[in-house]
Amino acid sequence: MLEVKSVTLNFNRPILDGINFNLKEGEIIGIVGKSGAGKTSLLKIMAGIQEPTTGSVELSGEKVRGPLVKLVPGHPEIQLVNQDFHLDTYHTVEENIREQILYLPLKERNQLIEELLTLMELAEFRNQKATTLSGGEQQRLALARALACEPRVLLLDEPFVHLDGRIRSKLISYLLELRKIRKTSFVLVSHDGAEMLSLADRIFCMKNGKFYRSGKPKDLYYKSKTIEEARLFGAVNSVNLNGNRKVFRPDEFLITSQKDENNIRVQFLRVLFTGPVCENYFMTEKNEKIVLFDFKSLENVEFIRVEKKI
(Lines give C-alpha, C1' and ligand atoms only; values in the text may rest on other atoms or scores of the structure.)
Protein backbone atom coordinates (compact mmCIF):
# COMPACT_ATOMS: atom_id res chain seq x y z
CA MET A 1 0.00 0.00 0.00
CA LEU A 2 2.71 2.51 1.04
CA GLU A 3 6.05 2.17 -0.71
CA VAL A 4 9.27 3.99 0.13
CA LYS A 5 11.61 3.92 -2.86
CA SER A 6 15.34 4.66 -2.62
CA VAL A 7 14.84 7.69 -0.37
CA THR A 8 17.89 9.81 0.44
CA LEU A 9 18.20 13.07 2.35
CA ASN A 10 21.25 15.33 2.61
CA PHE A 11 21.87 18.46 4.70
CA ASN A 12 25.63 19.02 4.25
CA ARG A 13 25.90 15.36 5.26
CA PRO A 14 23.85 12.21 4.56
CA ILE A 15 20.77 11.97 6.81
CA LEU A 16 19.05 9.13 4.93
CA ASP A 17 20.83 6.79 2.56
CA GLY A 18 18.82 4.58 0.19
CA ILE A 19 15.78 3.66 2.32
CA ASN A 20 13.46 1.07 0.75
CA PHE A 21 10.49 -0.74 2.28
CA ASN A 22 6.80 -1.52 1.80
CA LEU A 23 4.00 -1.05 4.31
CA LYS A 24 1.00 -3.33 3.77
CA GLU A 25 -2.61 -2.51 4.60
CA GLY A 26 -3.22 -3.16 8.28
CA GLU A 27 0.46 -3.73 9.02
CA ILE A 28 2.39 -2.31 11.97
CA ILE A 29 6.06 -1.60 11.36
CA GLY A 30 8.56 -0.50 13.99
CA ILE A 31 11.74 1.45 13.25
CA VAL A 32 14.34 1.35 16.02
CA GLY A 33 17.57 3.31 16.31
CA LYS A 34 19.50 5.69 18.52
CA SER A 35 18.96 9.44 18.40
CA GLY A 36 20.33 10.89 15.17
CA ALA A 37 19.76 7.71 13.16
CA GLY A 38 17.36 9.51 10.77
CA LYS A 39 14.06 8.09 12.05
CA THR A 40 12.16 11.37 12.39
CA SER A 41 13.38 12.68 9.02
CA LEU A 42 12.09 9.52 7.36
CA LEU A 43 8.65 9.94 8.93
CA LYS A 44 8.44 13.54 7.72
CA ILE A 45 9.23 12.46 4.18
CA MET A 46 6.63 9.68 4.37
CA ALA A 47 4.04 12.21 5.56
CA GLY A 48 4.80 14.59 2.70
CA ILE A 49 6.04 17.46 4.87
CA GLN A 50 9.74 17.02 4.05
CA GLU A 51 11.15 16.76 0.54
CA PRO A 52 13.66 13.94 -0.03
CA THR A 53 16.88 14.68 -1.88
CA THR A 54 16.20 11.69 -4.13
CA GLY A 55 13.67 8.87 -4.17
CA SER A 56 9.93 8.89 -3.59
CA VAL A 57 7.05 7.69 -1.43
CA GLU A 58 3.89 6.23 -3.00
CA LEU A 59 0.51 5.51 -1.45
CA SER A 60 -1.50 2.98 -3.48
CA GLY A 61 0.62 3.78 -6.54
CA GLU A 62 0.18 7.57 -6.24
CA LYS A 63 3.19 9.68 -5.34
CA VAL A 64 3.09 11.46 -1.99
CA ARG A 65 3.97 15.03 -2.94
CA GLY A 66 6.12 17.17 -0.71
CA PRO A 67 6.27 20.91 0.05
CA LEU A 68 8.02 21.79 -3.24
CA VAL A 69 4.81 21.03 -5.17
CA LYS A 70 2.13 21.48 -2.50
CA LEU A 71 1.12 24.77 -0.96
CA VAL A 72 0.00 23.01 2.23
CA PRO A 73 2.42 20.15 2.99
CA GLY A 74 1.09 16.77 4.04
CA HIS A 75 -1.21 14.05 2.75
CA PRO A 76 -4.87 13.76 3.83
CA GLU A 77 -4.65 9.99 4.33
CA ILE A 78 -1.33 10.00 6.21
CA GLN A 79 -1.11 11.49 9.69
CA LEU A 80 2.14 12.15 11.53
CA VAL A 81 2.38 12.62 15.29
CA ASN A 82 5.90 13.75 16.14
CA GLN A 83 7.46 15.32 19.19
CA ASP A 84 6.55 18.86 18.07
CA PHE A 85 2.83 17.95 18.48
CA HIS A 86 1.68 20.83 16.14
CA LEU A 87 -1.37 21.78 18.21
CA ASP A 88 -3.46 24.91 17.92
CA THR A 89 -2.10 26.04 21.24
CA TYR A 90 -4.66 28.79 21.95
CA HIS A 91 -7.64 26.60 21.11
CA THR A 92 -9.16 24.35 23.73
CA VAL A 93 -8.59 20.61 23.85
CA GLU A 94 -12.04 19.94 22.42
CA GLU A 95 -11.59 22.54 19.67
CA ASN A 96 -8.29 20.96 18.66
CA ILE A 97 -10.07 17.68 18.00
CA ARG A 98 -13.24 19.18 16.55
CA GLU A 99 -11.46 21.20 13.87
CA GLN A 100 -10.04 17.99 12.43
CA ILE A 101 -13.49 16.50 11.73
CA LEU A 102 -15.71 19.41 10.72
CA TYR A 103 -16.75 17.41 7.64
CA LEU A 104 -18.64 14.88 9.80
CA PRO A 105 -22.32 15.24 10.69
CA LEU A 106 -22.78 16.88 14.09
CA LYS A 107 -23.93 13.73 15.90
CA GLU A 108 -21.04 11.59 14.62
CA ARG A 109 -18.61 14.43 15.26
CA ASN A 110 -19.64 14.71 18.91
CA GLN A 111 -19.54 10.94 19.40
CA LEU A 112 -15.99 10.71 18.05
CA ILE A 113 -14.83 13.64 20.17
CA GLU A 114 -16.20 12.01 23.32
CA GLU A 115 -14.62 8.68 22.38
CA LEU A 116 -11.19 10.23 21.90
CA LEU A 117 -11.38 12.42 25.01
CA THR A 118 -12.21 9.33 27.04
CA LEU A 119 -9.51 7.20 25.39
CA MET A 120 -6.79 9.75 26.04
CA GLU A 121 -8.19 10.71 29.47
CA LEU A 122 -8.55 14.34 28.43
CA ALA A 123 -12.25 14.88 29.21
CA GLU A 124 -11.52 16.95 32.33
CA PHE A 125 -9.32 19.28 30.22
CA ARG A 126 -11.78 19.69 27.35
CA ASN A 127 -12.22 23.46 27.91
CA GLN A 128 -8.57 24.09 28.73
CA LYS A 129 -6.30 25.73 26.15
CA ALA A 130 -3.68 23.43 24.69
CA THR A 131 -0.87 25.81 25.65
CA THR A 132 -1.62 25.18 29.36
CA LEU A 133 -1.30 21.39 29.12
CA SER A 134 1.68 19.40 30.32
CA GLY A 135 3.96 17.67 27.83
CA GLY A 136 2.25 14.33 28.34
CA GLU A 137 -1.21 15.86 27.95
CA GLN A 138 -0.13 17.62 24.75
CA GLN A 139 1.13 14.32 23.33
CA ARG A 140 -2.19 12.66 24.13
CA LEU A 141 -4.03 15.53 22.43
CA ALA A 142 -1.80 15.25 19.35
CA LEU A 143 -2.61 11.53 19.18
CA ALA A 144 -6.33 12.25 19.54
CA ARG A 145 -6.19 14.80 16.69
CA ALA A 146 -4.45 12.31 14.41
CA LEU A 147 -6.84 9.49 15.26
CA ALA A 148 -9.82 11.78 14.64
CA CYS A 149 -8.82 12.08 10.97
CA GLU A 150 -9.18 8.29 10.55
CA PRO A 151 -6.09 8.10 8.31
CA ARG A 152 -5.10 5.08 6.26
CA VAL A 153 -1.55 5.43 7.56
CA LEU A 154 -0.57 6.71 11.00
CA LEU A 155 3.08 7.63 11.66
CA LEU A 156 4.05 7.83 15.33
CA ASP A 157 7.36 9.28 16.54
CA GLU A 158 8.23 8.05 20.07
CA PRO A 159 4.50 7.52 20.74
CA PHE A 160 4.79 6.23 24.33
CA VAL A 161 7.52 8.46 25.72
CA HIS A 162 5.20 10.69 27.79
CA LEU A 163 2.47 8.14 28.53
CA ASP A 164 2.02 6.24 31.77
CA GLY A 165 1.46 2.48 31.71
CA ARG A 166 -2.33 2.61 31.93
CA ILE A 167 -2.83 5.03 29.03
CA ARG A 168 -0.15 3.24 27.02
CA SER A 169 -2.09 -0.03 27.34
CA LYS A 170 -5.34 1.67 26.34
CA LEU A 171 -3.71 3.25 23.30
CA ILE A 172 -2.16 -0.03 22.16
CA SER A 173 -5.54 -1.77 22.42
CA TYR A 174 -7.16 1.05 20.44
CA LEU A 175 -4.51 0.91 17.70
CA LEU A 176 -4.92 -2.85 17.37
CA GLU A 177 -8.68 -2.39 17.12
CA LEU A 178 -8.20 0.21 14.36
CA ARG A 179 -5.98 -2.24 12.51
CA LYS A 180 -8.65 -4.92 12.79
CA ILE A 181 -11.70 -2.81 11.89
CA ARG A 182 -10.37 -0.15 9.50
CA LYS A 183 -7.20 -1.88 8.25
CA THR A 184 -5.21 1.16 9.40
CA SER A 185 -1.45 0.83 8.88
CA PHE A 186 1.11 2.15 11.36
CA VAL A 187 4.78 3.07 11.42
CA LEU A 188 6.19 3.60 14.91
CA VAL A 189 9.71 4.83 15.58
CA SER A 190 11.57 4.73 18.88
CA HIS A 191 15.03 4.58 20.40
CA ASP A 192 13.63 1.87 22.70
CA GLY A 193 13.03 -1.33 20.76
CA ALA A 194 11.36 -3.00 23.75
CA GLU A 195 8.33 -0.78 23.10
CA MET A 196 7.90 -2.38 19.67
CA LEU A 197 8.12 -6.03 20.62
CA SER A 198 4.46 -6.54 21.55
CA LEU A 199 3.04 -4.37 18.78
CA ALA A 200 5.03 -4.52 15.53
CA ASP A 201 4.68 -7.15 12.83
CA ARG A 202 8.14 -6.27 11.51
CA ILE A 203 10.95 -4.17 12.93
CA PHE A 204 13.71 -2.33 11.06
CA CYS A 205 16.96 -1.47 12.84
CA MET A 206 18.38 1.88 11.73
CA LYS A 207 21.83 3.45 12.04
CA ASN A 208 23.47 6.38 10.24
CA GLY A 209 20.49 6.84 7.93
CA LYS A 210 20.33 3.20 6.80
CA PHE A 211 18.36 0.08 7.60
CA TYR A 212 20.92 -2.55 8.47
CA ARG A 213 18.59 -5.33 9.62
CA SER A 214 14.91 -6.22 9.69
CA GLY A 215 12.86 -9.10 10.98
CA LYS A 216 10.10 -10.27 13.28
CA PRO A 217 10.26 -9.02 16.88
CA LYS A 218 11.06 -12.42 18.41
CA ASP A 219 13.94 -13.01 16.00
CA LEU A 220 15.49 -9.60 16.61
CA TYR A 221 15.13 -9.97 20.38
CA TYR A 222 16.63 -13.43 20.72
CA LYS A 223 18.94 -13.53 17.69
CA SER A 224 20.62 -10.12 17.68
CA LYS A 225 23.86 -10.12 15.67
CA THR A 226 25.77 -7.62 17.83
CA ILE A 227 25.67 -6.52 21.45
CA GLU A 228 24.82 -2.99 20.28
CA GLU A 229 21.80 -4.28 18.39
CA ALA A 230 20.73 -6.45 21.32
CA ARG A 231 20.74 -3.46 23.68
CA LEU A 232 18.18 -1.69 21.50
CA PHE A 233 15.61 -4.23 22.69
CA GLY A 234 16.31 -4.38 26.41
CA ALA A 235 18.57 -6.02 28.98
CA VAL A 236 21.20 -8.43 27.65
CA ASN A 237 24.10 -10.33 29.19
CA SER A 238 27.54 -10.83 27.70
CA VAL A 239 30.02 -13.27 29.24
CA ASN A 240 33.27 -14.97 28.27
CA LEU A 241 32.65 -18.73 28.20
CA ASN A 242 35.55 -21.00 27.26
CA GLY A 243 37.23 -18.22 25.32
CA ASN A 244 34.10 -17.29 23.38
CA ARG A 245 31.79 -14.33 23.90
CA LYS A 246 28.29 -15.54 24.83
CA VAL A 247 25.39 -13.09 24.52
CA PHE A 248 22.04 -14.04 26.05
CA ARG A 249 18.83 -12.52 27.36
CA PRO A 250 17.96 -12.53 31.09
CA ASP A 251 15.43 -15.34 30.54
CA GLU A 252 17.78 -17.57 28.51
CA PHE A 253 19.24 -19.69 31.30
CA LEU A 254 18.80 -22.88 33.29
CA ILE A 255 19.77 -23.34 36.93
CA THR A 256 22.21 -26.16 37.55
CA SER A 257 24.01 -27.47 40.61
CA GLN A 258 27.09 -28.82 38.87
CA LYS A 259 30.42 -27.31 37.95
CA ASP A 260 30.96 -27.92 34.24
CA GLU A 261 32.90 -26.21 31.44
CA ASN A 262 29.58 -25.16 29.85
CA ASN A 263 28.16 -23.80 33.10
CA ILE A 264 28.79 -20.40 34.64
CA ARG A 265 29.56 -19.94 38.33
CA VAL A 266 27.73 -16.88 39.67
CA GLN A 267 27.70 -14.93 42.90
CA PHE A 268 24.38 -13.42 43.95
CA LEU A 269 24.42 -9.64 44.48
CA ARG A 270 20.83 -8.43 44.89
CA VAL A 271 17.27 -8.82 43.69
CA LEU A 272 14.85 -6.14 42.54
CA PHE A 273 11.12 -6.83 42.65
CA THR A 274 9.45 -5.25 39.58
CA GLY A 275 5.97 -6.78 39.83
CA PRO A 276 5.75 -9.35 37.01
CA VAL A 277 9.28 -10.69 37.59
CA CYS A 278 12.26 -10.39 39.88
CA GLU A 279 15.50 -9.01 38.45
CA ASN A 280 18.32 -11.03 39.97
CA TYR A 281 21.81 -9.52 39.70
CA PHE A 282 24.95 -11.66 39.80
CA MET A 283 28.71 -11.43 39.31
CA THR A 284 30.60 -14.13 37.41
CA GLU A 285 34.06 -15.44 38.30
CA LYS A 286 35.44 -13.07 35.64
CA ASN A 287 33.78 -10.04 37.27
CA GLU A 288 31.09 -9.79 34.62
CA LYS A 289 27.76 -8.47 35.85
CA ILE A 290 24.66 -10.29 34.62
CA VAL A 291 20.92 -10.09 35.31
CA LEU A 292 18.51 -13.03 35.31
CA PHE A 293 14.71 -12.73 35.27
CA ASP A 294 12.57 -15.12 37.29
CA PHE A 295 9.33 -15.14 39.26
CA LYS A 296 11.30 -15.44 42.49
CA SER A 297 14.58 -14.51 44.11
CA LEU A 298 17.54 -16.62 42.97
CA GLU A 299 19.73 -15.86 45.98
CA ASN A 300 20.78 -19.51 46.42
CA VAL A 301 21.85 -20.08 42.81
CA GLU A 302 25.54 -20.87 42.26
CA PHE A 303 25.66 -22.21 38.70
CA ILE A 304 23.69 -21.47 35.53
CA ARG A 305 23.83 -22.65 31.93
CA VAL A 306 22.93 -20.50 28.96
CA GLU A 307 19.87 -21.96 27.20
CA LYS A 308 18.97 -20.07 24.01
CA LYS A 309 15.27 -19.75 23.18
CA ILE A 310 15.64 -19.89 19.41
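Below, each value reflects all heavy atoms present in this structure, side chains not excepted, and no hydrogens, waters or symmetry copies. The residues of the chain are indexed from 1 along the displayed sequence. Computed from a predicted structure; not experimentally measured.
Put simply, CD1 on I227 and CG on N237 are 8.0 Å apart, with the number rounded to the nearest 0.5 Å.
In summary, K223 and E229 do not engage in a salt bridge, as defined by a charged side-chain N under 4.0 Å from a carboxylate O.
Counting only N and O atoms by type, the side chains of T8 and T54 include a donor and acceptor under 3.5 Å apart. Donor-acceptor pairing under 3.5 Å is recorded for the side chains of S134 and E137.
When each of M196, R249, K216, K309 is checked for a side-chain contact (heavy atoms from CB on, under 4.5 Å) with Y221, only R249 meets the rule. Of the candidates L175, L171, L43, L80, L156 forms a side-chain contact (heavy atoms from CB on, under 4.5 Å) with just one, namely L175.
Residues forming a salt bridge (charged side-chain N to carboxylate O under 4.0 Å, His left out) with E158 (at least two apart in sequence, or on another chain): none. Checked against salt bridge (charged side-chain N to carboxylate O under 4.0 Å, His left out), E299 has no partners two or more places apart in sequence or in another chain. Residues passing the side chain to side chain contact (heavy atoms under 4.5 Å, CB included) test with L68 are E51, sequence neighbours excluded.
Counting non-hydrogen atoms of neighbouring residues, nucleotides and ligands closer than 6.0 angstrom, the NZ atom of K170 exceeds 12 such neighbours. Heavy atoms from other residues, nucleotides or ligands lying under 6.0 Å from CG of N208 number 12 at most. The 12-atom threshold is exceeded at CD of E58, counting heavy atoms of other residues, nucleotides or ligands nearer than 6.0 Å.
Residues in residues 62-79 take part in these salt bridge (Lys or Arg N to Asp or Glu O under 4.0 Å) pairs, two or more places apart or across chains: E77-R152. Sorted by first then second residue, the salt bridge (Lys or Arg N to Asp or Glu O under 4.0 Å) pairs that include residues 15-38, not counting sequence neighbours, are D17-K210, E27-R202, K34-E228. Within the structure, salt bridge (Lys or Arg N to Asp or Glu O under 4.0 Å) pairs that include any residue of residues 255-281 comprise R265-E285 (at least two apart or interchain).
Counting only distance, with no hydrogens or angles, the side chain of E307 and the backbone of L254 share no donor-acceptor pair below 3.5 Å.
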